[in-house]
Asks: 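Pasting in a structure now, in structure tokens, and then I'll have a few things to ask.
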Amino acid sequence: MVQTMSKTLEVDPQRGIDQPSGRPHLPYRTLTAALVAAQGNALIKLAPGTYSAESGERFPLLIGDRVVIMGQETTQGDGIVITGGGAVPGDGAISAALVVEDQAQVRGVTIQNPQGVGVLVRSGVPLVRACRLSQCGQAGVQVMGMASPLILQVRGDQMAGVGLLLLEQAKGEIRDCTLQRCNMGIHILGAAAPLLTDNHCANNQTGMRVAGTASPVLRQNRLVQNQQWGLLVQERGQPDLGQPGEAANNTLRHNRQGDLRNDTGQTLVTVGNDLLPQALVGPVTLAPSQVPDPAAVPPLLLDRAETAPVIAPSAPPEPPAPPPVVSRFVDLQGHWAAAYIEALADRNLAKGFTDGTYRPNDIITRSQFAALVASCYGSRPFVRNTSEFLDVPRSFWAYRAIDMAQRQGFVSGYPDQTYRPSQPMTRVQAIVAVVNGLGLPDAPASALGRYADRAQIPSYAMSPLSAATQAGLIINYPDADQLRPQDPMTRAEVSVLIYQGLVALGHAPRLTGADPTPPPPPLVQGSFADIQSHWAQDFIQGLLNLDLVRGQSDGQFYPDQAMTRAQFAALVTAAFQPAPRLNAQPFSDVPAHHWAANAIQMACRGGFLAGFPDGTFAPNHAVLRLQVWLALVNGLALVNDHAVKLYVVNHYQDRGMIPGYALEAVALATQLGLVVNMPDLTQLNPHRAASRADIAAAVYQTLVYQRRIPPLDHPYIVRI
């Protein structure tokens with residue numbers, strides 16, 4: 001069986017112990033200690049209990065990149081309670097219980113913070129799933145900066161503040177969440193633009209408020225039975241409540257003061273929502289959907305007065321089909337999977353029906369799947385003993401196949417000793433089965449970053465799907481970035497998966513030109529796939545050409561993710577090779593074997609960075625934009641060489657957010673062209689987590705100042 005993560009740690013507040021010498025066979029006592037031991041790509045399992053300051057926790061708990069906090073998803077964290085809060089580093093005005101960043105995950109826990117925020121999301125694409133947020137004074141989940149989280153199946157209730165709060169330029173997806181008994185269920189401000197689908201806001205004071213210039217997209221949500229308003233739109237808010245070509249299917253009903261109130265002064269158009277005109281306040285237009293009913297509108301109409309055809313509106317065209325493959329099956333002509341199915345048929349591993357069809361779109365059951373893998377991978381060794389299933393008698397047609405596939409490690413039953421042979425095989429189940437049965441090697445979780453719906457992947461399947469991705473087993477049609485893990489698998493999809501498994505074993509050749517998904521855009525030689533056409537491409541490429549930056553193992557740079565303090569230390573050390581000016585200082589959270597230990601010491605001794613009063617460095621914390629300019633100006637001692645013009649900070653509309661101690665450094669960084677603001681040159685956003693692109697741009701501009709690299713004519717460089 002493939003391991004879920006590279007490291008698994010356990011925490012139990014009842015019987016655990018935090019001292020390293022005393023825990024070879026015991027869990028940690030506190031989540032705080034486990035987080036120090038976790039250095040990315042780690043799974044931390046929480047036992048039932050209360051995790052609080054009284055039990056030894058130090059708040060806020062900072063969940064770093066690729067760290068997964070796992071409680072019990074099936075019960076939404078019932079009995080696994082994290083309660084408390086503390087001032088967030090870099091923004092002491094916020095008290096948070098948990099701070100999640102980059103690709104961190106929090107699953108199946110109950111989170112409380114009566115003084116502030118339950119979960120603070122400041123950067124990256126973290127996941128919060130199947131959690132319960134309650135008794136939070138400010139917000140259950142607060143998303144800020146340019147963070148783009150996936151928030152799924154979260155339950156928020158009994159909140160004096162807001163269930164979900166999105167600020168600044170936050171995006172991401174909020175799906176299948178329930179917000180009840182809050183002052184406000186969901187509050188979207190600033191320029192936030194998230195996607196909200198299948199959420200339920202009921203019995204709050206107000207179900208949802210959209211203000212500022214926020215432009216969320218609302219689909220299939222229920223805003224019902226709230227004490228005041230179902231949806232309140234104010235200032236310049238612009239929620240998308242449906243388009244002529246796409247009905248929104250939201251339900252706004254039975255709210256005491258009204259279902260929808262629009263105070264913006266601009267007409268709000270809704271399409272395809274369940275609401276009553278008498279429950280609307282302000283300028284609202286109920287527009288009809290313009291999507292034609294395919295049963296009522298023929299594809300081609302002839303105008304009676306003309307001989308020329310008039311094409312009626314139709315659904316969007318299908319993706320272009322791959323070159324046709326001549327198939328022995330009558331229903332596979334031009335089918336996207338024809339080449340794979342034909343290759344299996346040539347090996348006598350795929351058979352059709354007596355009418356000459358293959359029926360590629362039929363759903364495959366668990367018994368049919370077992371029969372396929374048993375026949376196609378029959379040479380695989382047995383790794384288990386026979387297991388009898390209550391619902392698979394020996395007389396069942398697939399008994400032998402299920403027994404064989406189970407003994408080979410492909411499939412297994414359920415805890416109640418059933419196999420459920422007639423149930424559809426989901427895509428995630430099938431992929432995990434093939435990975436386990438073939439014994440494919442581990443792969444980093446970052447391999448899943450290419451899938452837009454990766455948040456739907458169950459925790460048990462993360463590592464197997466990473467392995468399948470790296471081995472090339474997965475071909476998604478028609479959208480390469482949509483894994484659709486919970487969808488039932490078709491006969492065509494299973495055929496492709498099985499053939500790719502044969503390729504991974506070296507038993508079949510890879511089919512060139514058969515992949516139906518569009519090829520990636522051409523890369524600049526020696527570049528990263530995900531920076532092509534990115535606003536920071538030239539900055540990142542320039543550092544790459546100097547061998548100063550690295551990508552992930554999947555060949556991606558992830559420019560919009562936050563950079564940690566350890567990563568920043570490594571970059572400035574490589575770029576500027578600082579001479580030691582200060583004495584070495586050991587940090588309790590940077591052991592000698594830490595990957596960036598030497599770089600952190602060099603950066604600190606060179607004056608670029610410093611530790612915290614408690615003797616820690618916090619290597620997994622995100623670097624703020626303000627801290628980047630402070631580090632560069634102080635580390636290179638630039639103030640000594642220039643007359644600082646403090647008035648230049650007046651260029652920034654948010655200059656009031658610059659602390660007094662940093663005014664001189666920000667002013668000088670602006671004078672020297674080190675500041676790159678995207679998309680608004682006048683918005684400094686000093687307390688926002690700096691993305692990898694932000695930092696690459698600042699370091700590049702510093703090298704330009706040192707005349708070590710050519711200058712760029714870039715539109716987002718602040719020039720004063």
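In this text the structure is predicted, and so the values were computed from the model without any measurement. Residue numbers start at 1 and run along the sequence shown.
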Asks: Would you say the side-chain atoms of Asp346 pair up with the backbone N or O of Leu344, donor to acceptor, closer than 3.5 Å?
Replies: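 No: the side chain of Asp346 does not pair with the backbone of Leu344.
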Asks: Within a reach of under 6.0 Å around CD of Glu388, are more than 12 heavy atoms found that belong to other residues, nucleotides or ligands?
Replies: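 Counting neighbours around CD of Glu388, more than 12 heavy atoms of other residues, nucleotides or ligands fall under 6.0 Å, so yes.
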Asks: Report yes or no: does Gln423 contribute a side-chain atom to a donor-acceptor pair with the main-chain N or O of Arg420 at less than 3.5 Å?
Replies: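 Checked: no pair found.
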Asks: Taking the side chain from Gln76 and the backbone from Gln153, do they hold a donor-acceptor pair closer than 3.5 Å?
Replies: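 Such a contact is found between Gln76 side chain and Gln153 backbone.
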Asks: Within the distance-only criterion (no hydrogens, no angle test), does the side chain of Ser691 pair as donor or acceptor with the backbone N or O of Asp560 below 3.5 angstrom?
Replies: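 Pair absent, no side-chain N/O of Ser691 close to backbone of Asp560.
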Asks: Taking atom OG1 of Thr469 and atom CG of Leu440, what is their separation to the nearest 0.5 Å?
Replies: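 Interatomic distance, Thr469 OG1 to Leu440 CG, rounded to 0.5 Å: 11.0 Å.
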Asks: For Arg347, is there an ion pair with Glu342 - N to carboxylate O distance below 4.0 angstrom?
Replies: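 So Glu342 does not pair with Arg347 through a salt bridge.
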Asks: Got a second to check how far Thr386's OG1 is from Met404's CE, nearest 0.5 Å?
Replies: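 Here the interatomic distance stands at 11.5 Å.
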Asks: With salt bridge (Lys or Arg N to Asp or Glu O under 4.0 Å) as the test, pick out the partner of Glu73 among Arg132, Arg155, Arg107.
Replies: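 One option only clears the test, and that one is Arg107.
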Asks: For the side chain of Gln567 and the backbone of Thr564, is there at least one donor-acceptor N/O pair under 3.5 Å apart?
Replies: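 Present.
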Asks: Does Lys45 have more than 12 heavy atoms from other residues, nucleotides or ligands lying within 6.0 Å of its NZ?
Replies: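 Counting neighbours around NZ of Lys45, 12 or fewer heavy atoms of other residues, nucleotides or ligands fall under 6.0 Å, so no.
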Asks: Is Arg384 reaching over with its side chain to a backbone N or O of Gln406, donor-acceptor style, under 3.5 angstrom?
Replies: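 Present.
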Asks: So does Pro27 get a backbone contact from the side chain of Asp12, meaning a donor-acceptor N/O pair under 3.5 Å?
Replies: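 Absent.
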Asks: Is the distance from the ring center of Tyr414 to that of Tyr419 below 6.0 Å?
Replies: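 No; Tyr419 has its ring centre 6.0 Å or more from that of Tyr414.
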Asks: Determine whether Asp530 and Pro559 make a side-chain contact, defined as any pair of heavy atoms from C-beta on separated by less than 4.5 Å.
Replies: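 The answer is yes; the side chains approach within 4.5 Å.
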Asks: Within the side chain of Asp355, is there an N or O that forms a donor-acceptor pair under 3.5 Å with the backbone of Thr357?
Replies: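 Present.
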Asks: Keeping Asp487 on the side-chain end and Pro485 on the backbone end, is there a donor-acceptor pair under 3.5 Å?
Replies: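 Answer holds: no.
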Asks: Answer whether the closest heavy-atom distance between the side chains of Met489 and Gln429 falls below 4.5 Å.
Replies: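 They are not in side-chain contact.
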Asks: Show the numbers, then the answer: is there a ring-ring contact (aromatic ring centres under 6.0 Å, His included) between Tyr377 and Phe410?
Replies: CA-CA 10 Å; Tyr377 302 126; Phe410 286 100; 5.4 Å; yes
Asks: Has Gln368 got a side-chain atom pairing as donor or acceptor with Thr365's backbone, closer than 3.5 angstrom?
Replies: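 It does hold such a pair.
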